[in-house]
Amino acid sequence: MKSLNQNVKNLNGFINRFNAGGIKNRIAGKDLGGSGGVFTTLSPVDKSKICDVALSTAVDIDKAANAAHAAFEGWRDLKATERRKLMIRIAEAIEDRAEEIALCECWDTGQAYKFMSKAALRGAENFRYFAEQVIQARDGKHLKSPTLMNITSRVPIGPVGVITPWNTPFMLSTWKIAPALAAGCTVVHKPAELSPVTARLLVEIAEDSGLPPGVLNSVNGFGEEAGKALCEHPKIKAIAFVGESRTGSLIVKQGADTLKRNHLELGGKNPVIVFEDADLERALDAVIFMIYSINGERCTSSSRLLVQNSIKDEFEARLIERVRSIRVGHPLDPTSEVGPLISEDHLRKVTGYFDIAQSEGATISAGGATLGDEGYFVQPTLFTDANNRMRIAQEEIFGPVLTSIPFDTEEEALQFANNTDYGLTGYLWTSDLTRALRFTDRLEAGMIWVNSENIRHLPTPFGGVKASGIGRDGGDWSFEFYMEQKHVGFATGRHKITKLGSM
Ligand code: NAD
C-alpha cells in the first residue's frame, strides 16, 4: 500500500502543471481562456490555491456549442466499429492514468483515496461498457401491421450539454459522456466550478486517444452563467444534468424556450430500513458504508436509518462505537476513510444541521464537531432520538451525517420511508422474503437494494422518482435519452386509401 508521503509526492508531479498554467476551456481541440477572466479553485484539504480556471460566459458556451454542432455530422456518421474502437482506447487511457486522476480528484474534492482510486477505474468501465453497446445503438424494431411493414431505428439527437456536480466528478462525468458519445452525440461539458481538474483530464485523455476535435468540449464556470447559457443554447438539443433538485427545476425552466430534452439526476434522502429479522452484522456494515464512505457526499447515501424498535438500542450502540472509530484524515493517506468536505460553504451547511438537530430535540450521539481549521474536516456524525418529521430527517445534508429513526411495524416503516419529497434509492434489510417483495413493491424509490449496499450494475436503470429526478441512465435507457426514435412504415400491398374530393 502506498503511503501518504508517496501519494503527496506523486500528486505534486501531476498537479504542478495546473498550478503553473491554470485550466483553460477546451473547445474544438483548442485551449481557450474564458471571456469572463478566471476564477480560483482551492483544495479543501488545506484551502491552498490549486489554480486559476477559465471563467466562462454565454460567449464561450456559444463557441463550444458551435464546435459541437460542427463536429456532429462527422461523429454521427463515423462507422460504429470505429467509434467503438475509439471509446475502448479512451477506456484504456483512463486506466493508464487512473493514479493521476485519483490523486487529482482527492486533492480537488477532498474525497479519500481509498474510494477515488476505484472511482477512476469505474470511469474507464463506463467507457468500456458503452463502447460495447455502440454497434446496436441504432437498432430498432420491426412492428408488422396488416398493411405496413413498420420499422423503427434510433438516431443521435445532436449536440448535448452535460452539467455535472462536484461529488465524484470524474466518474459521474464519464457516466454521462460515455453513453452520449456512444450514441453518436457530440458534447459540451460544464463541470462543477468546485471540481474542475479531472474534467480537464478527461477531455485531454479523450483527444489524446483520437477523439476528433469538437466532439467533446469542456467549458468551465459557474452554473448561473455558463450552465444557464448551455441550457438556453438553441444548438444544444438535450441537457443531461446531475445536481441538486432545485437546480433541476432551473434546468427545466431555462430550457423551455428551446424545448430542451432534460435528464435530471437530483438529490436524495434515502432510507435504509433494518428489521429485527435482518442479518444485523451485515446490515450494520452496509448502513455505515452507505453514509460515511465518499464523505457522505453521495446522492445514493442512506442518510435516514429506520431501525425497528426491538433492536434499536443494541443496533445504535454498535453504530455509535463504529462511527466514532471512522478514520478522518488527509484524503491522500490510504488509511483515511473520510476526508474534508468540498468547500467552506458546504462545511457550514453540514455543521448547521448540528444546531438544527439539537433544537429539534434529537441527540448527537457521535461526532457533531469540525476537526481543526486547516481544511474543511468534520467528524462523522450520528443523530438519534429523531423522528421522521424533523428537518434532519427530511432535508438532504450531503455529508457524513446519519439520522436514526425508530419504527414499530412494517406499515410504519413504509410510511416513514415514503414520507419525503425524494425518491432516489432505498435499502432494505430483512430475512423475510415475502416482506421484502411486499415492501419493495410499495417503496417509492427509483432503485432499491435488498440485503445489500448500493452495487451499480451498468445495464440496470439508474435514476429517481419524485424530487430525485426524471429519466434513467444505464444500458439502453441511456440511448433512449441521447437518441431519437424514428418510425418508417412501408406499404406491403395496395391497401385502400380513403379518397377525398373524388365523386
Ligand atoms: P448543484 O445543483 O449546485 O450544481 C450541479 C451543477 O449544476 C454544477 O455544475 C453547477 O455549476 C450547475 N448549475 C448550478 N446552477 C445552474 C443553473 N442555473 N443552470 C445550469 N447549471 C447550473 O449541485 P452540487 O452541489 O454541485 O451537487 C450536489 C447535488 O447533486 C446533491 O443534491 C446530490 O444529491 C446531487 N447528485 C445527484 C446524483 C443522482 O444521480 N441523482 C448524483 C450525484 C449528485
Side-chain angles (χ1 to χ4, degrees), residues 10-33 50-51 53-54 60 63-64 67-68 70-72 74-76 78-108 116-117 119-132 134 159-160 162 164 169-191 195-220:
N10 292 348
L11 168 77
N12 288 337
F14 295 131
I15 205 95
N16 281 345
R17 58 178 271 227
F18 293 116
N19 299 148
I23 295 177
K24 300 269 195 310
N25 292 334
R26 188 79 185 165
I27 300 175
K30 294 196 184 73
D31 278 342
L32 299 177
I50 299 180
C51 63
V53 184
D60 309 288
K63 281 186 199 154
F72 176 61
W75 182 244
R76 176 194 65 193
L78 188 71
K79 267 173 46 191
T81 45
E82 290 301 311
R83 192 154 52 237
R84 177 177 169 276
K85 232 187 269 169
L86 227 158
M87 290 190 59
I88 290 174
R89 275 211 296 274
I90 297 175
E92 288 167 353
I94 292 174
E95 282 156 1
D96 289 347
R97 291 175 69 176
E99 182 72 357
E100 176 185 3
I101 295 164
L103 293 172
C104 289
E105 189 103 307
C106 295
W107 191 242
D108 203 17
M116 284 312 98
S117 54
L121 294 174
R122 280 187 58 198
E125 263 174 54
N126 288 336
F127 268 91
R128 215 177 269 286
Y129 172 80
F130 282 105
E132 295 308 334
V134 165
V160 299
V162 172
T164 47
F170 185 82
M171 202 285 292
L172 276 179
S173 302
T174 60
W175 184 338
K176 299 282 160 187
I177 290 169
L181 296 180
C185 296
T186 51
V187 175
V188 177
H189 180 204
K190 208 300 280 170
S195 59
V197 176
T198 53
R200 168 66 200 201
L201 295 180
L202 178 60
V203 66
E204 206 172 276
I205 286 171
E207 287 182 3
D208 289 350
S209 306
L211 195 74
V215 172
L216 172 61
N217 307 276
S218 178
V219 181
N220 294 280

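Considering all non-hydrogen atoms of both residues, C106 and M116 come closest at SG-CB, 3.8 Å. Taking all atoms of both residues into account, the shortest heavy-atom contact from N25 to R200 is O-NH1, 4.3 Å. Residues S209 and A93 come closest through the heavy atom pair OG-CB, 3.5 Å. Between F72 and C185, the closest heavy-atom pair is CE1-CA, 4.2 Å. Closest non-hydrogen pair, A80 versus V134, comes out as O-CG1, 3.3 Å. When all heavy atoms of P212 and L86 are compared, the pair lying nearest together is CD-CD1, 4.4 Å.
Proximity of a side-chain donor or acceptor of D108 to a complementary backbone N or O of V197 within less than 3.5 Å is detected. Put simply, the side chain of W175 never gets that close to the backbone of N126: no donor and acceptor are under 3.5 Å apart. Under a 3.5 Å cut-off, the side chain of E105 and the backbone N or O of F170 do form a donor-acceptor pair. Judged by distance alone, with hydrogens and angles left aside, the side-chain atoms of D31 form no donor-acceptor pair with the main-chain N or O of R26 at under 3.5 Å.
Remark: K190 does not engage D60 in a salt bridge, criterion side-chain N to carboxylate O under 4.0 Å.
For the atom pair CZ of R122 and CG of L172, the computed distance is 8.5 Å after rounding to the nearest 0.5 Å. Rounding to the nearest 0.5 Å places OG of S218 at 7.5 Å from CD1 of I177. Separation of atoms CD1 (I90) and CD1 (I205) is listed at 9.0 Å; rounding is to 0.5 Å. Rounding to the nearest 0.5 Å places NZ of K85 at 10.0 Å from CD1 of I88. Interatomic distance, OG of S117 versus CD of E99, reported as 8.0 Å (0.5 Å rounding). Between the OG1 atom in T186 and the CG atom in N217 there is a gap of 7.5 Å [rounded to 0.5 Å].
Annotation: salt bridge (charged side-chain N to carboxylate O under 4.0 Å, His left out) contacts of E92 (sequence neighbours excluded): none. Residues meeting the salt bridge (charged side-chain N to carboxylate O under 4.0 Å, His left out) test with D96, sequence neighbours left out: none.
Residues L211 and L181 meet the side-chain proximity criterion, which asks for heavy atoms closer than 4.5 Å. Residues T164 and P169 fail the side-chain proximity criterion, which asks for heavy atoms closer than 4.5 Å.
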Could you go through the side chain to side chain contact (heavy atoms under 4.5 Å, CB included) check for E204 and R97 one step at a time? CA-CA 11 Å; E204 206 172 276; R97 291 175 69 176; 2.9 Å; yes

For side chain to side chain contact (heavy atoms under 4.5 Å, CB included), just list the numbers for R128 and I94, CA-CA rounded to whole Å, side-chain angles, deciding distance to a tenth of an Å, and then say yes or no. CA-CA 10 Å; R128 215 177 269 286; I94 292 174; over 6 Å; no

Side chain to side chain contact (heavy atoms under 4.5 Å, CB included) between V203 and H189, intermediate numbers included: CA-CA 9 Å; V203 66; H189 180 204; over 6 Å; no

Evaluation steps, side chain to side chain contact (heavy atoms under 4.5 Å, CB included), between W75 and L216: CA-CA 10 Å; W75 182 244; L216 172 61; over 6 Å; no

